Number of protein chains: 2
Amino acid sequence: MLTPKRKGSDYHHGDLKSAAVLAARNLIESGGQQALGIRRVAEKLGVTAPALYRHFTSLDELLYEVSCDVRAELGELMVTRRSEVHPSRDKRKYEIDKFRAIGDAYVDYAQKFPKLFEIAFIQHGEEKVGEYSELAWNILNESVENFVTLGITPKSKRATAPLVAWSAVHGLATLVANQSIASSDVPFFRESVMAGIEDSLLKKN
Amino acid sequence: MLTPKRKGSDYHHGDLKSAAVLAARNLIESGGQQALGIRRVAEKLGVTAPALYRHFTSLDELLYEVSCDVRAELGELMVTRRSEVHPSRDKRKYEIDKFRAIGDAYVDYAQKFPKLFEIAFIQHGEEKVGEYSELAWNILNESVENFVTLGITPKSKRATAPLVAWSAVHGLATLVANQSIASSDVPFFRESVMAGIEDSLLKKN
DNA sequence: AGATAATGTAAACAATGTTAACACCCAAGC
DNA sequence: GCTTGGGTGTTAACATTGTTTACATTATCT
């Protein structure tokens with residue numbers, strides 16, 4: 001079988017593997033990592049447990065694939081939000097607005113799907129979490145590059161600026177996701193951190 | 001029994017509860033969260049599993065107590081490192097050095113005990129992770145307060161500065177702990193972020 | 001159509017968290 | 001003193017889990 005996907009395919013169960021990942025996603029989203037189980041996923045799909053072992057070698061692998069999906073989804077949300085920013089005549093303002101949009105998207109995701117965000121950045125089994133979520137990382141770097149070419153950020157910071165921005169946004173998102181921040185403080189916390197990051201990038205030095 | 005602790009006490013097993021928390025700590029430290037198990041802790045202590053249920057209502061509670069210990073340990077490391085900073089005639093330099101010391105301590109801990117750091121900031125069961133680790137948070141705030149009184153940091157940033165510093169350091173520590181950063185890049189990453197934070201605090205605005 | 005690989009089921013295993021019933025041991029009461 | 005009793009630990013059992021083995025079914029290709 002060289003065509004892994006058929007359209008209305010209805011052989012045994014349809015496309016099980018994807019269905020399993022999605023079911024696992026929903027389980028985690030509503031019950032945390034410990035709500036995930038091979039047998040529970042199987043039951044939710046009307047399938048016996050060993051069937052899943054045709055598509056995943058272990059529970060850890062299933063969890064890992066969910067985490068990959070989540071990181072991808074996170075990146076996609078960032079590009080979507082960035083594309084929704086209204087262009088401005090001021091190129092610098094436009095670029096800054098886009099930067100803010102991708103940061104907000106990152107934190108929004110963590111706030112809306114905290115359990116998913118948590119499992120997305122944890123080592124499961126032996127699988128690596130990947131070079132800090134490549135898509136999201138690339139988007140951020142792109143933004144900072146534009147800052148530099150527009151003269152918003154000094155060239156001297158080209159290498160370090162993405163690192164501090166990434167750390168700050170990721171830290172903020174983490175704290176929001178695990179409810180380290182009282183929910184009433186979240187808006188002010190978010191605004192403060194995002195403003196601080198921009199401020200740090202804008203600095204003339 | 002109103003005296004919960006005796007010295008050479010040797011009733012049944014000695015002080016089991018503490019021993020269990022410590023054994024659990026070691027299990028997590030060397031095998032991740034999934035290496036923790038009631039039965040494994042029991043075996044490691046030469047005790048049967050149900051004995052532990054005299055001290056913990058569930059595995060989740062044991063894990064929670066470990067996480068509390070870890071957060072406390074993290075705070076203690078910060079005060080220790082801060083106290084080891086050599087005083088300087090320049091009060092500002094001294095304060096900045098201390099600030100750097102507590103930040104470095106935070107990240108050092110995450111790098112040395114990544115698994116422990118990970119479980120310290122995750123919701124387990126229903127227990128809250130606590131208002132962002134009170135001890136560490138207080139230490140950071142104290143530092144920023146001193147910055148403000150010494151005129152290093154503008155008063156306008158007194159409320160927001162700790163938030164961005166906390167986010168950035170915590171994000172950096174998280175990324176180091178879960179190996180999102182290739183180990184060869186860690187030193188540069190750390191230096192960049194720490195410098196960026198200080199730079200953001202020092203800014204005159 | 002028949003061979004073959006892909007996909008599913010059924011039954012079993014070892015290990016887990018947890019509980020119930022019983023045994024021990026130390027301290028305090030008459 | 002002996003007994004009572006609460007704190008502590010053990011044994012046995014249960015339900016549930018991840019995983020494997022053997023078998024059944026279905027889809028696809030020649």
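The chains referred to below are lettered A, B, ... by the order of the sequence lines, with proteins before strands, and numbering in each begins at 1. Quantities reported herein were computed from a predicted structural model and do not represent experimental measurements.
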Given atom CD of B/Glu61 and atom P of C/dG17, what is their separation to the nearest angstrom?
15 Å
Which heavy-atom pair separates B/Val41 from B/Ala20 by the least distance, and what is that distance?
CG1-O, 4.0 Å
Determine all donor-acceptor pairs shorter than 3.5 Å in which one atom belongs to a side chain in residues 139-147 of chain A; sequence neighbours excluded.
from	atom 1	to	atom 2	distance (Å)
A/Glu142	OE2	A/Arg82	NH1	3.4
A/Asn146	ND2	A/Glu95	OE2	2.9

Per B/Ile38 side chain, nearest of listed nucleotides C/dT19, C/dA11, C/dT18:
C/dT18
Within a strict 4.5 Å, meaning less than it, do heavy atoms of the B/Phe99 and B/Ile197 side chains meet?
yes
OP1 or OP2 of D/dG7 versus the side-chain N and O atoms of B/His55: is any pair under 4.0 Å?
no
Side chain of A/Ala51: nearest nucleotide among D/dT19, C/dG8, D/dA12?
C/dG8
Atom-pair distance (CG on A/Leu59; P on C/dA14), nearest Å
21 Å
Side-chain ion pair, A/Glu29 and A/Lys112, N-O less than 4.0 Å
no
Whole-Å gap separating C1' (C/dG17) and CG (B/Leu63):
14 Å
Euclidean distance, atom CG of residue A/Leu16 to atom P of D/dT26 [Å, nearest integer]:
16 Å
Between A/Leu52 and A/Arg39, who's closer to the 5' end of DNA chain C by nearest nucleotide?
A/Leu52
Rounded interatomic separation in angstrom, taking CZ from A/Phe56 and P from C/dG8
11 Å
Are the side chains of A/Phe56 and A/Ile38 in contact, using a 4.5 Å heavy-atom criterion?
no
Give the residues of residues 25-33 of chain B touching DNA chain C, defined as any heavy atom closer than 4.0 Å, sorted by residue number.
none
Round to the nearest Å and state the distance from B/Glu43 atom CD to D/dT10 atom C1'.
16 Å
When you match A/Arg40 and A/Thr57 each to their closest nucleotide on DNA chain D, which lands nearer the 5' end?
A/Arg40
Starting at OH of A/Tyr53 and ending at P of C/dG8, how long is that distance when rounded to a whole Å?
15 Å
Please report, rounded to the nearest Å, how far the P atom of D/dT19 is from the CG atom of A/Leu62.
10 Å
For the pair B/Glu65 and B/Arg25, find out whether any cationic side-chain nitrogen is under 4.0 Å from an anionic carboxylate oxygen.
no
Heavy-atom closest pair, residues B/Val193 and B/Ala168
CG1-O, 4.1 Å
I'd like to know if B/Arg54 reaches the base of D/dG7 with its side chain such that a donor and an acceptor end up less than 3.5 angstrom apart.
no
